[in-house]
Amino acid sequence: MKAQTLKETAYSQKKPTMKSKFILLDLDYTEFNNRVYLELTGRINGKKTVLLYDKFLPYFYVELSDESDADRIKQIKEGDFYVVSTEWLEKTIISEEKKLLRVYLNTPRAVKPIKSIIRKEIKSFVQIYEANIVFIKRFLVDNSFSMFSQYDIEYEKSEMESNYTQPCFFLKSIILSKEQQAYSPKVLSIDIETLSEGEEINPEKEPIIFVSLYSQSLQKAFTYQKYENPENFVEFCQSEKAMLERICECIKEQDADIITGYFSDGFDLPYISKRARIINASFQPGYDNSGIRVTGSSFKVAKIKGITHLDIYRFIRGIMNASIDSDSLSLAAVSRVLLGEEKHEADFDSFFKAWKNQESLNRFAAYNLQDSRLCYLLSEKIVPSIIELGKLSSLPAFQACRSSFSMLVESHLLKREKEFSMLSPPLPEESELRKRQRTSFEGAFVYQPSPGFYESLYVFDFRSLYPTIIVSHNISPETVNRSSKKKIDSPVEGVWFSQDKEGFIPYVLKDLIDARAEIKRKIASADDREKTILNARQYALKTVANATWGFFAYPLTGWYSYDCARSITAFGRHYITTIIDKLKKAGFSVIYSDTDSIFVCLDGKEEKSLMQEIDKINTELPGIMELNFEGKFSTGIFVSTKGTMTGAKKRYALMSQDGAISVKGFETIRRNWSEIGKEVQMKVLEMILSKKPNNEVESYIKDVVVKIRAKKIENRKMIITTQLKKPISEYESRAPHVAAAERLREAGKRAAPGTIISYIVCSEGKKIADKVRLPEECEQGDYDTDYYINNQILPSIEKIADVVGINAKELITKITQSSLDKFF
DNA sequence: TATAGGCATACGACTCGGCATAC
DNA sequence: CTATGCCGAGTCGTATGCCT
């Protein structure tokens with residue numbers, strides 16, 4: 001925020017009021033003469049425009065035991081900060097109705113000092129509410145406004161002179177348009193390459209050598225070292241400085257709504273910003289001629305005024321992580337999963353060599369452009385979800401992209417409070433917080449499966465189990481253990497929920513669930529463009545609905561409720577176990593169940609009678625709870641845990657009728673397992689699920705073991721990757737991946753928390769940690785064959801082979817024996 | 001810069017008993 | 001005879017990454 005952006009002009013005249021449609025794109029604020037002005041960036045008839053608005057002020061609520069103290073609060077002034085006005089309002093906090101004083105201030109900077117004056121000097125002061133809500137969020141939440149929506153505005157010529165590069169007006173009034181047309185924001189993606197041969201990244205010394213920009217109308221890689229026969233997507237600049245200035249020019253020309261990058265918060269944009277300063281390049285793409293604003297130290301955030309910067313990696317890591325089925329969150333891995341597109345490998349050594357020897361850089365340029373292209377394609381898929389989450393929670397897309405689940409839910413609840421005249425309950429004090437963090441509660445029920453091979457499995461699951469439990473039992477902080485005419489007892493002793501009045505959380509959740517059902521109906525008949533948006537919207541609704549129950553158990557919020565949280569999981573356990581009993585009594589055999597799902601075998605009965613039984617169960621479920629048919633699987637495998645005969649939970653494999661295999665929990669889908677181990681396990685699973693005869697499975701296993709012994713498997717498949725979760729020094733024991741991290745650091749490379757460590761187990765040494773080598777330290781075949789056979793192959797197939805009566809351990813010993821026999 | 005709990009598994013650190021060896 | 005060290009088996013705690 002800059003106070004000096006605006007200057008008052010000398011004249012004042014009567015100005016005509018104009019009316020128009022307005023698409024809101026970005027929101028910020030500035031100060032002038034000790035008054036705060038919201039800066040709304042958006043488009044009027046397609047033209048990017050800045051609107052200044054002075055009719056919204058920051059505020060918070062004060063609870064007083066003596067109402068007459070309100071007059072004293074009204075008078076508070078401290079330097080440039082003062083109370084503008086106050087008003088009394090009736091608000092509910094949890095279930096207590098209170099009369100609270102809403103205190104308006106002249107600027108957001110006044111919140112902290114005025115708050116502490118009230119605390120110190122007002123005798124009847126009891127409590128302050130909602131003082132921690134940032135100004136911009138307050139504005140959006142109070143009005144239920146959101147980015148990329150359409151508004152009807154009245155505005156007039158600005159009295160102030162500004163240094164904005166965009167036209168600037170005074171906003172007189174703004175309301176959300178009745179008709180909302182889908183707005184497709186213009187996206188520009190960026191990626192840079194730097195000449196960094198050492199491992200540490202240093203903008204002081206290492207120049208940016210390539211920058212690529214990708215949008216619908218521009219797809220180019222920029223560099224400043226000329227070479228012969230450049231591809232037509234390459235543009236040469238005179239120098240690095242000229243290149244950066246050209247990039248800035250392109251960004252301005254492109255006039256995009258959104259700029260995206262992959263890890264651009266942490267790398268590309270901060271690097272450009274720093275590098276531009278060092279080489280004295282002018283790089284000011286902001287509408288007030290500001291550059292890239294980088295804040296935060298360990299978690300950097302990069303902002304450009306007037307263009308919403310979305311770091312696709314940040315969003316994937318924070319929100320989509322769980323729903324993405326990929327080993328790592330690298331651009332290559334994520335593109336493979338979400339776009340089905342392979343990223344071409346880069347050989348930076350040869351790139352840098354070509355750069356130094358002034359050879360053709362076409363391959364380097366293509367690589368650079370590929371990255372911004374993939375990021376652009378990912379943006380097409382992901383940006384709609386970010387926008388919809390922003391709309392749902394009234395957060396700017398910039399914030400929605402960088403929010404955690406808890407922040408999305410918190411903001412959504414904040415937006416909905418006014419429908420209940422509620423305020424956010426105050427955040428916990430230090431001691432209460434510690435108490436909450438020590439408290440845990442029982443979670444979900446998991447059925448103990450019997451190991452074996454099954455045929456014809458029917459799977460059912462609850463639609464949104466926890467949200468529907470909350471709605472159907474009216475579970476909310478203000479309904480728990482409240483004296484009431486009608487109540488529902490929780491399975492938890494001594495806890496009940498009042499049914500007299502709909503609770504706030506059930507009310508909000510019901511709305512989310514209904515809205516999602518409605519959208520799913522619409523999707524069926526929508527065209528492709530609508531479908532993208534509707535899909536993003538239903539994703540946002542699902543995300544926020546599912547995260548809402550977790551809010552009860554999240555210590556850092558005012559909505560925390562131990563009794564609600566443990567009642568929800570207790571209800572979950574109650575219903576799933578009751579249904580299991582019913583199915584068993586009806587003569588079906590239940591194979592497995594985890595939290596909200598049930599796996600059933602017909603056991604000689606008819607499919608029809610199973611479905612009838614499920615229908616009956618559904619009529620008996622309360623409220624909106626519902627058990628759905630998820631699918632039928634022709635074969636399935638459940639295994640025993642290591643060294644026992646009892647069935648293992650959370651690890652199984654199913655094959656549907658069309659032959660598609662779904663694997664859960666097994667090594668095949670674990671990141672910290674070697675490719676060879678995973679590959680062999682998957683292959684064995686496939687063979688068994690498709691009922692291949694045992695001798696085929698055995699000969700496959702034999703084949704692999706012989707190949708490993710003969711060192712015929714590539715090193716690449718022997719690499720084990722494990723994430724380093726904390727600094728090397730904090731580990732109590734020296735696990736293999738910690739030993740590998742040490743080696744990595746000795747080689748001068750990064751080994752910080754979060755780094756994925758790759759290593760191969762080689763022969764020299766006693767402990768496995770001693771045998772660890774980095775992949776680049778190994779020659780082909782350097783690996784420890786015994787380790788891979790005994791610790792990677794055997795454990796991954798032993799329990800699976802067991803199910804069809806193959807003794808993998810014996811088999812492998814026999815192979816080893818016979819190969820030794822041959823040898824001697 | 002934390003939505004929750006439940007679960008399987010690997011591996012190092014440690015303990016303990018058996019044994020060989022040195023003194 | 002005791003002191004020392006090595007080895008393997010068993011137990012425990014730490015660590016990771018999965019499932020819903």
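Chain A is the first sequence line, chain B the second, and so forth, proteins listed ahead of strands; every chain is numbered from 1. Just so it is clear, the values below take in all heavy atoms, side chains as well, and ignore hydrogens, waters and symmetry mates.
- Aromatic rings from Phe267(A) and Tyr271(A) are positioned such that their centres are separated by under 6.0 Å.
- Mapping Asp770(A) and Thr569(A) onto DNA chain B via the closest heavy atom, the residue that lands nearer the 5' end is Thr569(A).
- Of the candidate nucleotides dC7(B), dC7(C), dA10(B), dC7(B) has the atom lying nearest to any side-chain atom of Lys649(A).
- Phosphate contact (OP1/OP2 of dC18(C), side-chain N/O of Tyr652(A), threshold under 4.0 Å): absent.
- Under the 6.0 Å distance and 45° angle rule, Lys649(A) does not count as a cation-pi partner of Tyr447(A).
- Ala547(A) comes within 4.0 angstrom of nothing in the nucleic acid, heavy atoms only.
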Using a 4.0 Å cut-off on protein heavy atoms (strictly under), produce a 5'-to-3' string for nucleotides 9-17 of chain C with B for base contact, S for backbone-only sugar-phosphate contact, and - for none. -----SSBB
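- Side-chain N/O atoms of Arg566(A) include none lying less than 4.0 angstrom from OP1 or OP2 on dG5(B).
- As rounded to whole Å, 16 Å separates atom C1' of dC11(B) from atom CG of Leu794(A).
- When each of dC11(B), dT1(B), dA4(B) is scored by its nearest atom to the side-chain atoms of Phe441(A), the top-ranked nucleotide is dA4(B).
- Residue-level contact check: Ser404(A) touches the backbone only, with heavy atoms under 4.0 Å from sugar-phosphate atoms and none from bases.
- Of all nucleotides present, only dG17(B) satisfies the Watson-Crick or G-U wobble test against dC7(C), with each distance under 3.5 Å.
- In this structure, the CD atom of Glu798(A) is 16 Å from the P atom of dA8(B), given to the nearest Å.
- Listed nucleotides: dC11(B), dG12(B), dT3(B). Nearest to the side chain of Asn791(A): dC11(B).
- The neighbour count for Glu429(A) CD, taken as heavy atoms of other residues, nucleotides or ligands under 6.0 Å away, does not exceed 12.
- The residue Ser597(A) sits apart from the nucleic acid: no heavy atom pair falls under 4.0 Å.
- For the 3.5 Å distance criterion, the side chains of Ser674(A) and Gln792(A) qualify, holding a donor opposite an acceptor.
- One can place CG of Asn546(A) at 17 Å from P of dC19(C), the figure rounded to the nearest angstrom.
- Looking at heavy-atom distances under 4.0 Å, Ala565(A) makes no contact with the nucleic acid at all.
- The phosphate of dT20(C) (OP1 or OP2) has no side-chain N or O of Lys650(A) nearer than 4.0 angstrom.
- The closest donor-acceptor contact from the side chain of Tyr788(A) to the backbone of Met718(A) lies under 3.5 Å.
- Spacing between atom OH of Tyr560(A) and atom P of dA4(B) amounts to 10 Å, rounded to whole angstrom units.
- Contact annotation for Tyr447(A): no contact, since no heavy-atom pair falls under 4.0 Å across all strands.
- Counting non-hydrogen atoms under 4.0 angstrom, Phe551(A) reaches nothing in the nucleic acid.
- Here dT20(C) presents its C1' atom at 10 Å from CH2 of Trp549(A), a figure rounded to the nearest Å.
- When each of dA8(B), dG12(B), dA4(B) is scored by its nearest atom to the side-chain atoms of Arg651(A), the top-ranked nucleotide is dA8(B).
- Residues Ser567(A) and Ser490(A) have side chains that bring a donor and an acceptor to within less than 3.5 angstrom of each other.
- Among the atoms of the strands shown, none is found under 4.0 Å from any heavy atom of Asp461(A).
- Both tests hold for Arg402(A) against Phe398(A): distance to the six-membered ring centre under 6.0 Å, angle to the ring axis within 45°.
- Base pairing analysis places dT9(B) opposite dA15(C); the two distances defining the Watson-Crick or G-U wobble pair are each below 3.5 Å.
- Taking only side-chain atoms of Tyr554(A), from C-beta outward, the nucleotide of dC11(B), dA2(B), dA13(B) with the closest atom is dA2(B).
- Among Phe460(A), Tyr454(A), Phe638(A), the one residue that satisfies the ring-ring contact (aromatic ring centres under 6.0 Å, His included) test with Tyr592(A) is Phe638(A).
- Taking atom CD of residue Gln437(A) and atom P of nucleotide dG5(B), one finds them 11 Å apart after rounding to whole Å.
- Stacking of Lys771(A) on the aromatic ring of Tyr787(A) is not recorded, the 6.0 Å distance cut-off and the 45° axial limit not both being met.
- The distance between atom NZ of Lys799(A) and atom P of dA8(B), rounded to the nearest whole Å, is 13 Å.
- Nucleic acid contact for Trp559(A): none, since no nucleic acid atom lies under 4.0 Å from a heavy atom of the residue.
- Among the nucleotides dA8(B), dG12(B), dT20(C), the one closest to any side-chain atom of Pro736(A) is dG12(B).
- Atom CG in Leu465(A) sits about 14 Å away from atom C1' in dC19(C), given to the nearest Å.
- Nucleic acid contact class of Tyr592(A) (heavy atoms, under 4.0 Å, all strands): none.
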